[in-house]
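All chains are named by letter (A, B, ...) in the order of the sequence lines, taking the proteins before the strands, and each is independently numbered beginning at 1. Values reported hereafter were calculated over all heavy atoms of this structure, with side chains retained and with hydrogens, waters and symmetry mates removed.
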Number of protein chains: 2
Amino acid sequence: MRAAPKPPSAEQPELDTIVEAILYLYTESRRITKDVAARHGVTGPQLAVVKMLEPVGKLSLSELSWKIRARNSTVTGIIDRMEREGLVERRRSEDDRRVIHITLTKKGQRLAGEIPVEPVQIFRQILSELSPRDAGELSRILTRLARRVRELVQEKGEVE
Amino acid sequence: MRAAPKPPSAEQPELDTIVEAILYLYTESRRITKDVAARHGVTGPQLAVVKMLEPVGKLSLSELSWKIRARNSTVTGIIDRMEREGLVERRRSEDDRRVIHITLTKKGQRLAGEIPVEPVQIFRQILSELSPRDAGELSRILTRLARRVRELVQEKGEVE
DNA sequence: GCGAATTGTTTCGCGTGCGAAGCATTTGAT
DNA sequence: ATCAAATGCTTCGCACGCGAAACAATTCGC
């Protein structure tokens with residue numbers, strides 16, 4: 001697992017452009033999501049949770065964590081605040097009493113209905129302006145990149 | 001529960017793939033950056049600040065905010081903690097006494113020398129495995145996307 | 001020159017976001 | 001059956017990250 005440390009890759013200004021763009025797209029779409037959510041009295045992550053729960057009814061806290069790419073300890077806090085606001089309920093699973101199922105309350109369901117777009121949809125909407133060809137290319141390249149990163153991560157902190 | 005208010009955008013699973021990949025790449029590279037920084041006793045954003053300051057010597061707080069894509073109020077906190085650790089110094093500008101110049105202390109400079117990569121470089125390193133053709137395509141498409149988003153943002157909350 | 005608008009920074013309150021440690025429950029190995 | 005490891009969740013302390021409000025210095029309008 002020593003992966004030969006890639007020699008200092010020479011100049012490739014394109015790479016910086018790509019990094020710039022991804023960072024920009026990510027942070028900006030996050031801010032947009034936040035604005036949309038704020039109009040309905042919730043935060044970005046809370047809106048994400050509501051929209052995750054809407055179609056399936058219930059999810060365990062871990063499943064939720066996985067879906068919104070956060071750690072359990074983070075999601076615990078988000079659910080705490082949502083429960084305080086009466087948007088969701090915690091219910092202990094019958095099968096496995098370690099598991100907590102999260103469900104939407106009536107209020108949560110109403111909210112889900114009011115907001116047409118799920119957060120990711122905003123990103124998606126921007127992307128939908130791409131030509132099918134570009135979308136295909138983008139999808140192909142990014143997927144490969146993600147796979148590669150996943151490999152690296154699995155090999156444990158080989159960076160540096 | 002009502003017919004799905006399906007938005008006019010057609011079915012394009014590729015878009016979801018793209019969204020997935022960008023989210024993944026972003027969050028994962030952030031975690032990797034954090035790990036690298038932690039090995040040297042600082043946080044991700046702090047490492048970013050150190051590496052921003054290294055080549056130019058001094059930057060105003062606003063310039064720093066712009067560069068790391070955060071708000072001034074956020075950067076104030078980051079600089080507070082870095083100053084407490086003796087990594088940077090605040091100095092009032094002579095020309096415009098509203099401006100605060102941030103500079104690296106000896107300790108900060110030493111740290112900058114110890115850490116070879118700037119945070120963005122990690123992202124960059126992953127990207128450098130792309131073939132030149134793919135890098136070109138990716139750059140082209142993402143740049144166009146970012147430009148489009150910038151337009152939308154400027155037109156003020158056009159979303160929804 | 002003078003008050004009003006603008007700009008650069010800080011303060012405040014709140015909501016993530018994380019890792020480490022802790023607790024309860026389940027699973028596995030013997 | 002028993003105990004150790006694994007799993008699911010929570011708690012804690014800390015560091016962002018943001019918008020709104022406050023404050024100081026500068027610039028603008030006249």
Can you measure [X] atom [atom1] to [N] atom [atom2] for me and round it to whole angstrom units?
X        : N      : atom1 : atom2 : value
B/Leu64  : D/dC16 : CG    : C1'   : 14 Å
A/Trp66  : D/dG8  : CH2   : P     : 14 Å
B/Ile100 : D/dA24 : CD1   : P     : 14 Å
A/Ile32  : D/dC18 : CD1   : P     : 14 Å
A/Asp80  : C/dG17 : CG    : P     : 15 Å
A/Tyr26  : D/dG17 : OH    : C1'   : 12 Å
B/Arg30  : C/dG19 : CZ    : C1'   : 14 Å
A/Leu59  : D/dG8  : CG    : P     : 14 Å

With no hydrogens and no angle check, is any side-chain donor or acceptor of [X] less than 3.5 Å from a backbone partner on [Y]?
X       : Y        : result
B/Thr76 : B/Asn72  : yes
A/Ser60 : A/Val99  : no
B/Lys51 : B/Ile115 : yes

Shortest side-chain distance from [X], nucleotide among [options]:
X       : options                : result
B/Lys34 : C/dG19, C/dT10, D/dA15 : C/dG19
A/Arg71 : C/dG19, D/dT11, C/dT16 : C/dG19
B/Ser60 : C/dT9, D/dC12, D/dA15  : C/dT9
B/Pro45 : D/dC9, C/dT11, D/dC16  : D/dC16
A/Thr43 : D/dG17, C/dG15, D/dT11 : C/dG15
A/Gln46 : C/dT7, C/dT26, C/dT16  : C/dT16
A/Ser73 : C/dG17, C/dG19, D/dG19 : C/dG19
A/Leu61 : C/dT11, D/dT10, C/dG8  : D/dT10
A/Arg90 : D/dT10, D/dT26, D/dC16 : D/dT10
A/Asn72 : D/dT10, C/dT11, C/dG15 : D/dT10

(message) For a quick test of reading the model: is some side-chain N or O of A/Arg81 closer than 4.0 Å to OP1 or OP2 of C/dT16?
(response)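 For A/Arg81, the contact criterion (side-chain N or O under 4.0 Å from OP1 or OP2 of C/dT16) is met.
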(request) Output yes when at least one side-chain N/O atom of B/Thr74 is less than 4.0 Å from OP1 or OP2 of D/dG17, else no. (result)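 No, B/Thr74 has no side-chain N/O under 4.0 Å of OP1/OP2 on D/dG17.
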(message) Base, sugar-phosphate or nothing for B/Ser62? Non-hydrogen atoms, less than 4.0 Å.
(response)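 Sugar-phosphate, backbone atoms only, no base.
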(message) Taking any heavy-atom pair under 4.0 Å as a contact, classify A/Asp96: base, sugar-phosphate, or nothing.
(response)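 The residue A/Asp96 makes sugar-phosphate contact but no base contact.
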(request) Report yes or no: is there a donor-acceptor pair, N or O only, under 3.5 Å between the side chain of B/Arg98 and the base of C/dT9? (result)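 Donor-acceptor pair under 3.5 Å: no.
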(request) Using heavy atoms to find the nearest nucleotide of DNA chain C for A/Arg92 and B/Ile79 separately, return the residue whose nucleotide is more 5′. (result)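 Of the two residues, B/Ile79 wins.
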(message) Using heavy-atom distances to pick each residue's nearest nucleotide on DNA chain C, tell me which of A/Ile68 and A/Glu94 is more 5'.
(response)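 Whichever sits nearer the 5' end wins; that is A/Ile68.
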(request) Output the distance between atom CD (A/Glu63) and atom CG (A/Leu61), rounded to the nearest 0.5 Å. (result)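 Answer rounded to 0.5 Å: 9.5 Å.
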(message) Within this structure, what is the CZ-CG distance for the pair B/Arg30 and B/Leu25, rounded to the nearest 0.5 Å?
(response)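 B/Arg30 CZ to B/Leu25 CG: 14.5 Å, rounded to 0.5 Å.
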(message) Nearest heavy atom decides the nucleotide; on that basis, is A/Asp35 or B/Met82 closer to the 5' end of DNA chain D?
(response)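 By nearest-heavy-atom nucleotide position, the 5'-most residue is B/Met82.
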(request) Looking only at non-hydrogen atoms, find the nearest pair between A/Ile78 and A/Ile68 and report the distance. (result)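 Distance-wise, the nearest heavy atoms are CD1-CD1, 4.3 Å.
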